[in-house]
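Both counts, for ligands and for their atoms, begin at 1 and track the order of listing.
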Amino acid sequence: MKLLITGGAGFIGSNFIRYYLEKHPEDQVVNIDKLTYAGHLSSTKDFSGNTNYKFIKGDIVSPNDAEEAMEGVDIVVHFAAESHVDRSVLDPLEFVKTNVLGTGQLLQTALKKKTKRFHHVSTDEVFGSLGPNDPPFNENTKYEPRTPYSASKAGSDHLVRAYFETYGLPVTITNCANNFGPFHEPEKLFPRFITNLLEDKKVPLMGKGENIREWLYVRDHAGAIDLVLQKGVIGETYCVGGESKTNLEATKLLLKFLGKDESYIEYVPDRLGHDFRYAIDDSKLQQLGWEPEHTFEEWLEKTVRWYKENEWWWKPLKDNTQNLDRSAQESMKY
Ligand code: NAD
Ligand code: TDX
């Protein structure tokens with residue numbers, strides 16, 4: 001089997017390749033990545049010498065790059081995207097370009113090359129925002145995206161389904177909860193807070209910290225995708241859930257693991273269009289035999305340890321998080 005991974009120098013893509021090369025040493029993996037601000041060859045360093053692995057620097061929006069990358073490929077697993085909600089508030093059209101047009105280009109190339117499977121990696125954010133007592137999202141939940149990021153991911157999901165219905169391209173989709181783990185860009189909640197605390201800086205908690213997310217260790221997400229590749233039904237979507245925490249609960253755990261008190265929390269003005277709560281019913285995936293192997297608290301502590309021990313990876317990326325806060329977002333308001 002030869003797999004094409006798109007966005008394999010990013011957080012989840014690099015963790016997926018690491019997992020896949022270990023689990024399927026007989027298969028070949030090609031990684032196409034544009035190396036945007038979020039793509040780092042340092043995240044692929046430990047497996048870049050594997051003889052079954054090849055890297056192509058390329059842009060999924062480019063027909064030539066997509067065609068070169070998909071040469072002789074059996075399965076595409078599509079991670080490449082603009083992925084940070086705060087950036088999408090500031091530069092929405094970049095998200096439309098990569099997430100919608102880029103996915104369209106890959107689908108068109110997969111159709112031309114008669115690729116055996118196109119797996120699309122998506123997010124629970126396409127379903128919108130839940131109130132405190134609403135039932136969790138599942139595969140039949142109506143799409144109600146509320147940010148440029150989630151709207152562009154929703155657009156990509158619709159295109160993937162359209163290529164199945166219209167042309168019969170063999171697709172599957174996963175919509176996953178928030179991931180955490182090693183090689184996570186320091187602009188996102190956990191790595192931003194962990195690295196701030198390691199530098200003895202305060203952590204910027206939006207609003208009152210009451211927003212709720214489900215969290216899944218990134219290797220469990222990789223396992224879920226692998227399972228869907230093996231056992232998933234063509235044309236179907238699978239939701240992937242995690243463990244539910246308010247941002248304040250999660251922040252307090254990080255403070256505990258790093259030996260800091262609550263004076264390190266700085267409450268900052270809220271994100272524009274901030275979704276209140278995500279929650280997922282993943283019983284459809286469980287019916288395929290899925291269960292996560294990593295518990296939240298234990299693996300959050302191990303993730304903290306990883307950041308302590310791998311300053312070489314995150315230190316050079318820390319400046320990326322500047323100017324993404326509410327004051328920059330305010331200037332975009334109507
Ligand atoms: P990330 O931002 O860490 O990585 C994205 C990667 O895509 C980067 O390596 C970047 O260089 C690459 N890329 C961007 N534009 C490209 C282009 N035009 N051509 C080629 N490569 C390009 O993102 P992530 O957190 O690893 O997320 C990966 C996927 O998983 C995304 O599709 C995201 O929507 C989805 N997802 C993420 C989460 C999460 O918690 N992070 C949860 C559910 C779903
Ligand atoms: O500095 C911060 N302070 C803060 O309070 C940051 C970066 C975030 N937050 C809050 C906002 C959210 O309620 O923490 C929560 C998580 O924020 P992010 O890490 O930006 O993640 P989220 O917006 O939930 O989106 C993530 O999960 C779903 C990924 O970035 C998406 O790519 C994925 O689809």
Side-chain angles (χ1 to χ4, degrees), residues 5-16 31-41 43-44 56-62 65-66 69 77-89 94-95 97-99 101-103 105-106 120-126 129 145 147 149-150 152-153 156-157 174-181 183-193 196 203-216 218 221 224-225 239-240 242 245-248 250-251 265-271 273-278 280 320-321 324-326:
I5 308 304
T6 72
F11 165 46
I12 309 177
S14 61
N15 277 289
F16 179 82
N31 171 13
I32 181 172
D33 199 297
K34 189 180 169 184
L35 300 182
T36 68
Y37 81 92
H40 313 293
L41 290 180
S43 306
T44 67
I56 297 175
K57 184 172 187 312
D59 185 343
I60 57 164
V61 178
S62 149
D65 289 1
V77 186
H78 175 35
F79 294 91
E82 286 296 335
S83 73
H84 189 37
V85 175
D86 290 317
R87 279 180 195 268
S88 84
V89 177
E94 192 59 27
F95 283 65
K97 195 167 98 189
T98 296
N99 300 358
L101 196 57
T103 302
Q105 183 57 59
L106 290 173
H120 179 54
V121 180
S122 193
T123 169
D124 57 1
E125 300 198 14
V126 297
S129 179
T147 67
Y149 165 67
S150 52
S152 66
K153 289 298 290 187
S156 68
D157 291 14
T174 40
N175 292 87
C176 189
N178 286 52
N179 286 212
F180 69 100
F183 301 105
H184 200 183
E185 190 70 27
E187 66 186 1
K188 304 282 175 74
L189 177 74
F190 286 174
R192 187 179 196 184
F193 283 17
N196 273 18
V203 296
L205 191 58
M206 290 172 186
K208 293 180 181 154
E210 288 169 342
N211 299 65
I212 298 167
R213 298 289 182 268
E214 280 194 9
W215 292 100
L216 182 70
V218 62
H221 188 186
I225 294 168
C239 285
V240 193
K245 295 281 169 221
T246 67
N247 292 339
L248 182 58
T251 301
I265 299 178
E266 182 184 3
Y267 289 91
V268 297
D270 217 351
R271 170 185 282 175
H274 196 175
D275 288 339
F276 178 68
R277 170 176 167 243
Y278 309 134
I280 285 188
N320 278 344
T321 54
L324 295 171
D325 63 1
R326 179 60 190 270

Salt bridge or not for Arg87 and Glu187, using N-O below 4.0 Å?
yes
Under the rule for ring pair (Phe, Tyr, Trp, His ring centres under 6.0 Å), what residues qualify as partners of His184, not counting sequence neighbours?
Phe11
Output the list of atoms in ligand 1 that are nearer than 4.0 Å to some heavy atom of Gly58, sorted by atom number.
19 (N), 20 (C)
Is there a donor in the side chain of Ser156 and an acceptor in the side chain of Asn99, or the other way round, less than 3.5 Å apart?
no
For Ile5 and Gly13 the tightest heavy-atom approach is CG2-O, 4.4 Å
Run the side chain to side chain contact (heavy atoms under 4.5 Å, CB included) check on Glu210 and Thr246 step by step: do they pass?
CA-CA 5 Å; Glu210 288 169 342; Thr246 67; 5.7 Å; no
For Val121, the ligand 1 atoms with a heavy-atom partner under 4.0 Å come out as 30 (O), 32 (O)
Under 3.5 Å between some N or O of ligand 1 and some N or O of Phe11?
yes
Show the atoms of ligand 1 that are less than 4.0 angstrom away from any heavy atom in Leu35.
11 (O)
Measure across Ala177 and Glu214 and return the closest heavy-atom pair with its distance rounded to 0.1 Å.
CB-O, 3.4 Å
Contact between Ile60 and Asp65 at the side-chain level, heavy atoms closer than 4.5 Å - yes or no?
no
I'd like to check Arg192 versus Pro186 (side-chain heavy atoms, cut-off strictly below 4.5 Å). Are they in contact?
no
Return the closest protein heavy atom for atom 39 (C) of ligand 1 as residue, atom name and distance.
Ile12 CD1, 3.7 Å
Please give me the minimum heavy-atom distance between Leu106 and Ala66, naming the atom from each residue.
CD2-CB, 4.2 Å
Atom 19 (N) of ligand 1 [closest protein heavy-atom partner, distance rounded to 0.1 Å]
Ile60 N, 3.0 Å
Any side-chain heavy atom of Ile32 within less than 4.5 Å of one from Lys57?
no
May I have the N/O to N/O pairs between ligand 2 and the protein that fall below 3.5 Å, each with atom names and distance to one decimal?
| from | atom 1 | to | atom 2 | distance (Å) |
| --- | --- | --- | --- | --- |
| ligand 2 | 1 (O) | Arg192 | NH1 | 2.8 |
| ligand 2 | 1 (O) | Pro204 | O | 3.4 |
| ligand 2 | 3 (N) | Pro204 | O | 2.8 |
| ligand 2 | 5 (O) | Met206 | N | 2.8 |
| ligand 2 | 13 (O) | Arg213 | NH2 | 3.2 |
| ligand 2 | 13 (O) | Asn247 | ND2 | 2.9 |
| ligand 2 | 13 (O) | His274 | NE2 | 2.6 |
| ligand 2 | 14 (O) | Asn247 | ND2 | 3.3 |
| ligand 2 | 19 (O) | Leu189 | N | 2.8 |
| ligand 2 | 20 (O) | Arg271 | NH2 | 2.8 |
| ligand 2 | 23 (O) | Arg271 | NH1 | 2.6 |
| ligand 2 | 24 (O) | Asn178 | ND2 | 2.9 |
| ligand 2 | 24 (O) | Arg213 | NE | 2.8 |
| ligand 2 | 25 (O) | Glu125 | OE2 | 2.6 |
| ligand 2 | 27 (O) | Glu125 | OE2 | 3.3 |
| ligand 2 | 27 (O) | Asn178 | OD1 | 3.2 |
| ligand 2 | 27 (O) | Asn178 | ND2 | 3.1 |
| ligand 2 | 30 (O) | Ser83 | O | 3.2 |
| ligand 2 | 30 (O) | Lys188 | NZ | 3.3 |
| ligand 2 | 32 (O) | Ser83 | O | 2.8 |
| ligand 2 | 32 (O) | Tyr149 | OH | 3.0 |
| ligand 2 | 34 (O) | Thr123 | OG1 | 2.8 |
| ligand 2 | 34 (O) | Tyr149 | OH | 2.5 |

Heavy-atom nearest pair, Ser14 first then Ser43, reads CB-O, 3.7 Å
Contact region, Thr36 to ligand 1, non-hydrogen atoms below 4.0 Å, reads both
Once you measure the plane-to-plane angle for Phe95 and Tyr149, does it fall in the parallel (<30°), tilted (30-60°) or perpendicular (>60°) bin?
perpendicular
Residue pair Asn175 / Asp157, side-chain donor-acceptor N/O under 3.5 Å:
yes
Asp86/Arg271 salt bridge by N-O under 4.0 Å criterion
yes
For Thr174, side-chain hydrogen bond (donor to acceptor under 3.5 Å, both in side chains) partners two or more places apart:
His119
Among all protein heavy atoms in this structure, tell me which lies nearest to atom 31 (C) of ligand 1, with the distance rounded to 0.1 Å.
Phe79 O, 3.1 Å
What part of His84, side chain, backbone, both or neither, has a heavy atom within less than 4.0 angstrom of ligand 1?
neither
Atom 32 (O) of ligand 1: the protein heavy-atom neighbour that sits closest, reported with distance to 0.1 Å:
Lys153 NZ, 2.6 Å
A student checking ligand 1 against Asn178 at a 4.0 Å heavy-atom cut-off should list atoms 40 (O)
Atoms in ligand 1 flagged as close to Gly39, the criterion being non-hydrogen separation under 4.0 Å
8 (C), 9 (O), 11 (O)
Per-atom contacts of ligand 1 with Asp59, taking only distances under 4.0 Å to non-hydrogen atoms
17 (C), 18 (N), 19 (N)
Name the option, out of Ser83, Ala81, Gly7, Ala66, that contains the heavy atom nearest to atom 14 (C) of ligand 1.
Ala81
May I ask you to identify, for Phe16, whether its side chain, its backbone, both or neither come under 4.0 Å of ligand 1 on a heavy-atom basis?
neither
Side chain to side chain, Val203 and Thr251, heavy atoms closer than 4.5 Å:
yes
By salt bridge (charged side-chain N to carboxylate O under 4.0 Å, His left out), which residues pair with Lys188, not counting sequence neighbours?
none
Just which atoms of ligand 1 are under 4.0 Å from any heavy atom in Ser122?
43 (C), 44 (C)
shortest atom 33 (C) of ligand 1-to-protein heavy-atom contact is with Tyr149 OH, 3.5 Å
Polar atom proximity, Ile32 to ligand 1 (N or O, under 3.5 Å):
no
Closest protein heavy atom (residue, atom, distance) for atom 40 (O) of ligand 1:
Asn179 N, 2.9 Å
If we only consider heavy atoms of Ala9, is any one of them less than 4.0 Å away from an atom in ligand 1?
yes
Give the residue and atom name of whichever protein heavy atom lies nearest to atom 42 (C) of ligand 1, and the separation in Å to one decimal.
Ala177 O, 3.3 Å
Heavy atom of the protein closest to atom 21 (N) of ligand 1 (residue, atom name, distance):
Lys34 N, 3.1 Å
